[in-house]
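Worksheet: one structure, shown below.
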Protein chains: 2
Amino acid sequence: MGRGRVVLERIENKINRQVTFSKRRSGLLKKAFELCVLCDAEVALIIFSSRGKLFQYSSTTDINKIIERYRQCRYSKPQAGNSLGHNESQNLYQDYLKLKAKYESLDRKQR
Amino acid sequence: MGRGRVVLERIENKINRQVTFSKRRSGLLKKAFELCVLCDAEVALIIFSSRGKLFQYSSTTDINKIIERYRQCRYSKPQAGNSLGHNESQNLYQDYLKLKAKYESLDRKQR
DNA sequence: TCAGCTATGTATAAATA
DNA sequence: TTATTTATACATAGCTG
């Protein structure tokens with residue numbers, strides 16, 4: 001876009017890199033928003049600049065909801081690569097949540 | 001883009017909505033990737049379609065790294081006191097084991 | 001569904017103020 | 001710097017096969 005074809009590599013000039021970051025970041029956030037509205041999707045977008053500044057977009061009030069949903073979805077998978085031994089439920093994250101609930105329940109009793 | 005101006009509201013026609021979702025999703029993922037490469041940024045992008053299918057992009061091998069960095073940044077404190085969050089190890093399985101140990105310890109005390 | 005096509009609207013790199 | 005402008009490249013809505 002703009003003048004000249006985009007070469008896909010790190011922009012070495014620091015000024016240009018920052019300007020481009022600023023423009024493309026806002027473009028990306030806008031497009032994320034549009035995708036949500038137009039297509040009824042749920043989107044979470046986290047961006048860190050090279051200097052560590054945080055930007056984010058979330059289609060829900062709480063981005064953590066989407067992250068949790070992501071984890072449910074991700075770790076519910078058969079975990080082909082993860083041979084750490086959750087062979088029965090095949091679901092480490094579910095196990096984790098169950099255990100957490102048990103722990104908290106026991107903790108309450110304890111007090 | 002394309003023929004006719006985009007109206008920013010949910011696309012009611014289901015077929016059109018799915019087609020648009022597919023196209024814009026790939027566009028969004030591409031732009032996220034480009035932002036990372038061109039501007040040396042770190043990006044995590046999670047998308048759920050309206051029917052619950054998951055798509056994601058991450059500039060690092062493990063998207064959880066970015067999520068954790070986000071939490072560190074967002075909630076400021078490293079959350080040292082809360083060993084139930086996945087804040088430090090960034091490793092669900094490690095967390096699971098730690099929690100299991102705590103649970104068992106508490107359980108023993110209880111008896 | 002699933003790719004191409006293409007006319008048109010957008011995003012944005014570079015220039016300018 | 002930062003904001004605005006402009007020229008161009010890019011993305012994509014509606015089609016078509």
Side-chain angles (χ1 to χ4, degrees), chain A residues 1-61 63 66-67 69-70 72-74 76-78 80, chain B residues 1-60 63 66-67 69-70 73-74:
Chain A
M1 315 112 183
R3 315 181 177 194
R5 188 161 265 120
V6 177
V7 182
L8 250 145
E9 56 189 26
R10 185 187 138 107
I11 297 167
E12 288 306 329
N13 182 293
K14 190 182 166 185
I15 302 301
N16 287 350
R17 190 167 68 243
Q18 284 179 349
V19 171
T20 295
F21 175 74
S22 165
K23 289 178 176 180
R24 281 177 171 262
R25 166 172 46 80
S26 68
L28 192 63
L29 292 167
K30 184 183 175 193
K31 288 211 171 266
F33 166 71
E34 291 179 353
L35 186 67
C36 294
V37 174
L38 293 171
C39 305
D40 204 21
E42 202 163 87
V43 176
L45 176 60
I46 297 170
I47 305 171
F48 283 102
S49 75
S50 60
R51 290 191 306 173
K53 192 168 177 193
L54 170 67
F55 303 87
Q56 64 166 301
Y57 169 76
S58 169
S59 58
T60 61
T61 314
I63 196 172
I66 300 174
I67 292 172
R69 188 176 173 192
Y70 165 77
Q72 295 272 355
C73 196
R74 213 67 231 297
S76 301
K77 290 234 175 106
Chain B
M1 320 108 180
R3 313 179 178 195
R5 189 163 263 118
V6 177
V7 182
L8 250 146
E9 57 188 28
R10 184 188 138 107
I11 297 167
E12 288 307 328
N13 182 292
K14 190 181 166 186
I15 302 300
N16 287 350
R17 190 167 69 243
Q18 284 179 350
V19 171
T20 294
F21 176 73
S22 166
K23 289 179 176 179
R24 280 177 171 260
R25 166 173 44 81
S26 69
L28 191 64
L29 292 168
K30 184 184 174 192
K31 289 216 169 261
F33 166 71
E34 290 180 352
L35 185 67
C36 293
V37 174
L38 293 171
C39 305
D40 204 21
E42 201 163 87
V43 175
L45 176 59
I46 296 170
I47 305 171
F48 283 102
S49 75
S50 59
R51 290 191 307 172
K53 192 168 177 194
L54 170 67
F55 303 87
Q56 64 166 303
Y57 169 76
S58 169
S59 58
T60 61
I63 196 173
I66 299 174
I67 291 172
R69 188 175 173 193
Y70 165 76
C73 195
R74 207 68 226 301

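In the text below, chain A, chain B and the rest are named by the order of the sequence lines, each starting its count at 1.
- C:dT1 atom P lies 13 Å from atom CG of B:Asn16, rounded to whole Å.
- A donor-acceptor contact shorter than 3.5 Å links the side chain of A:Ser26 to the backbone of A:Lys23.
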Dot-bracket encoding per residue of DNA chain D, Watson-Crick/G-U cut-off under 3.5 Å, | denoting interstrand: .||||||||||||||||
For B:Lys53 and B:Phe48, what are the C-alpha separation, side-chain angles and deciding distance, and is it a side chain to side chain contact (heavy atoms under 4.5 Å, CB included)? CA-CA 5 Å; B:Lys53 192 168 177 194; B:Phe48 283 102; over 6 Å; no
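- At a non-hydrogen distance threshold of 4.0 Å, B:Lys31 from residues 18-37 of chain B come into contact with DNA chain C.
- To the nearest 0.5 angstrom, B:Arg51 atom CZ is 12.0 Å from A:Asp40 atom CG.
- Between the side chain of A:Arg3 and the base of D:dT6, at least one donor-acceptor pair of N or O atoms lies under 3.5 Å.
- Regarding B:Leu38, its CG atom lies at a distance of 12 Å from the P atom of D:dC10, rounded to whole Å.
- Pairing each heavy atom of B:Leu38 with each of A:Glu9, the nearest pair is CD2-O, 3.3 Å.
- Closest approach of B:Glu12 and B:Arg17 over heavy atoms only: O-NH1, 3.4 Å.
- The shortest non-hydrogen separation linking B:Asn13 to B:Ile15 is OD1-N, 2.9 Å.
- Of the residues near DNA chain D, A:Ile15 and A:Val6, the one whose nearest nucleotide (by heavy atom distance) lies more toward the 5' end is A:Ile15.
- Side-chain contact between B:Ile46 and B:Leu54 is present, with heavy atoms from C-beta onward closer than 4.5 Å.
- In this structure, A:Leu8 atom CG and C:dA13 atom C1' are separated by 14 Å, rounded to whole Å.
- Taking both residues in full, the closest heavy atoms of B:Phe55 and B:Phe21 are given as CE1-CE2, 3.8 Å, listed atom of the first, atom of the second, then distance.
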